[in-house]
2 protein chains.
Amino acid sequence: MTKASRPKATENTAPDGRASDAIVERIQEQILSGALLHNTPLPSERDLMERFSASRTVVREAVATLAGRGLLEAKPRYRPIIRKPGFDTALNTVGSIVQLMLQHQQGAESLFLSRVFVERGLVRDAATSATRENIAELKEALAANEAAIMDSDAFYDTDMDFHGVLYTIPENPIFPTLHSAYTTWLAPHWRRMKGSPEFNRKSYASHLAIYTAILERDPDAAEEALVTHLNVSWSSVGPTFAPE
Amino acid sequence: MTKASRPKATENTAPDGRASDAIVERIQEQILSGALLHNTPLPSERDLMERFSASRTVVREAVATLAGRGLLEAKPRYRPIIRKPGFDTALNTVGSIVQLMLQHQQGAESLFLSRVFVERGLVRDAATSATRENIAELKEALAANEAAIMDSDAFYDTDMDFHGVLYTIPENPIFPTLHSAYTTWLAPHWRRMKGSPEFNRKSYASHLAIYTAILERDPDAAEEALVTHLNVSWSSVGPTFAPE
DNA sequence: CGAAAGTTTTGGACTGACCAAATTGGGGAG
DNA sequence: CTCCCCAATTTGGTCAGTCCAAAACTTTCG
């Protein structure tokens with residue numbers, strides 16, 4: 001105890017904003033520095049209010065803020081779990097807003113088009129600079145994709161995986177994150193209508209075309225194959241979004 | 001707006017999650033539907049607690065959540081301002097986490113490389129499909145850039161603007177947002193070191209090369225000019241980030 | 001040794017109160 | 001009549017204390 005852990009009266013140099021912000025920052029530091037371990041639960045609120053000599057209100061607010069930032073995962077009645085931030089954390093925090101904008105097809109289409117844009121760049125780069133390992137992975141993903149043609153659920157997964165491999169090629173952690181963002185955000189709409197082995201076979205053919213173009217180091221061909229592939233997909237998914 | 005919804009009396013039967021979530025959702029709806037107008041202040045907390053017949057604690061929590069999602073802009077002592085969500089809102093909410101990752105390690109570099117990736121695609125597209133207006137805008141931005149060579153502050157701004165024009169070409173609202181995200185996130189480091197008219201002149205030359213390549217509808221040349229340009233910039237900015 | 005019952009802890013929510021800053025309303029000076 | 005300044009009121013931020021039901025932790029018992 002010894003409540004005197006922090007004399008708050010003696011120091012007033014900066015314009016004191018929110019009291020919780022100070023706590024947020026302190027906890028944040030401790031999470032980043034590792035003083036609070038990843039995947040472990042946060043100390044109890046009553047504990048925290050002692051450590052920071054603040055009221056529960058403030059502590060609570062701080063916790064909520066941290067949770068909003070994704071540094072804590074706060075399930076309703078449970079202890080908040082500490083999450084060290086990564087690019088995935090960042091993407092997660094936007095999830096709720098993106099979700100809102102996806103309800104209007106305008107937003108969904110924008111997002112989809114951005115994906116096309118990104119993947120166009122990815123396949124071009126793959127065509128010009130994919131390593132042997134990259135190509136091996138692509139081949140593997142492609143094989144899995146072919147094997148799943150008859151099972152639409154599995155096909156969906158292997159489809160995602162194939163595209164996912166493309167995102168790993170730049171070796172930039174942002175891209176895999178982006179991929180999972182695209183898939184999780186668009187997934188609900190995507191899943192709802194999907195199906196025939198016929199359709200799957202066509203998709204697979206597209207994938208193969210992309211792969212082949214990459215193998216032949218032909219960026220333009222790879223890009224074009226990718227674009228037509230995605231456009232076909234969109235033509236059957238786009239309409240599932242709200243009209244206006 | 002006939003959805004009067006239930007007044008939530010005393011019930012314990014349902015697995016009610018967070019009480020504030022219900023309010024969050026209601027307010028969110030009202031913001032989206034326009035019942036609460038963009039850029040106007042939210043009603044007072046005491047008012048809200050009457051409307052939703054909840055305690056101030058809960059109302060407060062709801063407001064905090066909304067603010068965290070970017071639907072409200074809450075300055076410390078002022079009334080929260082209603083913000084209808086857009087892609088910019090989304091990017092804003094990630095700001096704090098991104099900021100964390102920028103301080104450290106290769107986070108900054110990853111971000112920068114992603115920018116290079118994006119702009120490569122942008123200039124390619126510009127080279128193949130820029131409209132007369134796009135080109136006119138580029139020309140204008142370029143002229144402004146040249147005129148600012150002697151004034152490093154102004155040069156920085158016109159530099160950003162020039163790149164910004166590229167992000168408008170796809171006519172996808174995500175891209176301008178992305179541009180402002182890149183600039184605001186990287187700005188602090190970028191600003192801290194820049195300077196000589198000498199350096200500016202070189203940058204301008206790069207911009208001109210990009211512009212010329214676009215004019216000549218040469219995607220490869222445009223891309224290459226862009227890459228060398230950004231790499232030069234990075235070589236003088238990158239080191240300003242924390243080592244490891 | 002493990003499962004059930006019991007006890008303590010903890011997060012969610014509410015009330016009432018206080019303070020300082022923001023907003024508002026009303027004069028009084030120009 | 002307008003504009004600015006100062007009180008009166010509102011409002012956001014914070015605190016302390018209380019209640020409750022669900023988790024988490026103990027202990028007991030089969």
Side-chain angles (χ1 to χ4, degrees), chain A residues 1-27 36-37 39-69 71-83, chain B residues 6-27 36-37 39-68 71-83:
Chain A
M1 34 200 54
T2 61
K3 52 165 184 179
S5 87
R6 195 184 75 116
K8 78 185 218 180
T10 43
E11 190 161 357
N12 254 348
T13 59
D16 263 31
R18 237 175 280 280
S20 63
D21 285 351
I23 300 182
V24 165
E25 222 174 297
R26 290 227 260 156
I27 296 183
L36 291 173
L37 291 86
N39 277 336
T40 59
L42 199 69
S44 77
E45 295 176 355
R46 284 155 177 104
D47 190 341
L48 292 174
M49 59 188 282
E50 246 188 53
R51 299 198 197 196
F52 299 110
S53 60
S55 71
R56 196 138 91 90
T57 315
V58 177
V59 169
R60 207 143 219 298
E61 203 173 303
V63 169
T65 302
L66 265 327
R69 290 192 192 173
L71 294 178
L72 298 177
E73 187 182 324
K75 280 188 301 182
R77 277 245 167 217
Y78 294 73
R79 243 4 178 339
I81 310 267
I82 289 151
R83 301 289 190 208
Chain B
R6 69 298 188 70
K8 164 173 211 283
T10 54
E11 95 297 9
N12 287 339
T13 57
D16 261 30
R18 233 175 281 279
S20 63
D21 285 350
I23 300 182
V24 165
E25 222 173 299
R26 290 228 260 156
I27 297 183
L36 291 173
L37 290 86
N39 278 336
T40 59
L42 199 67
S44 76
E45 295 177 355
R46 282 153 178 106
D47 191 340
L48 292 174
M49 58 187 283
E50 245 189 56
R51 300 198 196 198
F52 299 110
S53 59
S55 70
R56 198 140 89 91
T57 317
V58 177
V59 169
R60 202 141 224 301
E61 202 173 305
V63 170
T65 302
L66 265 328
L71 294 178
L72 299 176
E73 187 182 323
K75 278 187 304 182
R77 279 249 165 214
Y78 294 74
R79 230 34 167 313
I81 310 272
I82 288 150
R83 299 290 191 208

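Residue numbers start from 1 in every chain, and the chains themselves are labelled A, B, ... in the order their sequence lines are given, proteins ahead of strands.
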In whole angstrom, give the distance that lies between atom CG of B:D21 and atom C1' of C:dG12.
12 Å
Please report the interatomic distance OG1(B:T40) to CD1(B:I81), rounded to the nearest 0.5 Å.
7.5 Å
Could you list the residues that satisfy side-chain contact (heavy atoms from CB on, under 4.5 Å) with B:D21, not counting sequence neighbours?
B:R18
Can you sort out the partners of B:S20 under side chain to side chain donor-acceptor pair (under 3.5 Å), two or more places apart, ordered by chain and number?
B:E61
Interface polar pairs with nucleotides 21-24 of chain C, N/O, under 3.5 angstrom:
{"residue": "C:dA22", "atom": "OP1", "partner": "B:Y78", "partner atom": "OH", "Å": "3.3"}

Between CZ of B:R18 and P of C:dC14 the distance, given in whole Å, is 13 Å
Under the rule for side-chain contact (heavy atoms from CB on, under 4.5 Å), what residues qualify as partners of B:A67, not counting sequence neighbours?
B:L72, B:A74
Per nearest nucleotide of DNA chain D, the residue lying toward the 5' end, B:E45 or A:S55, is B:E45
Quick one, B:L48 with B:V63, criterion side-chain contact (heavy atoms from CB on, under 4.5 Å). Give me CA distance, side-chain angles, the key distance, then yes/no.
CA-CA 10 Å; B:L48 292 174; B:V63 170; 4.3 Å; yes
Residues touching DNA chain C, which here means a heavy atom under 4.0 Å, drawn from residues 57-67 of chain A
A:R60
Would you mind reading off the distance between A:L72 atom CG and C:dT10 atom C1', rounded to a whole angstrom?
16 Å
Distance check needed: D:dT11 P versus B:M49 CE, whole Å only.
12 Å
Given atom NZ of A:K75 and atom P of C:dT10, what is their separation to the nearest angstrom?
18 Å
How close or far is atom P of D:dG13 from atom CG of B:L42, stated in whole angstroms?
12 Å
Kindly write out the residues that satisfy side-chain contact (heavy atoms from CB on, under 4.5 Å) with A:R46, not counting sequence neighbours, or none if the list is empty.
A:S44, A:M49, A:R56
Hey, is the side chain of A:R56 pairing donor to acceptor with the base of D:dG17 inside 3.5 Å?
no
What is the distance, rounded to the nearest whole Å, between atom CG of A:L48 and atom P of C:dG12?
12 Å
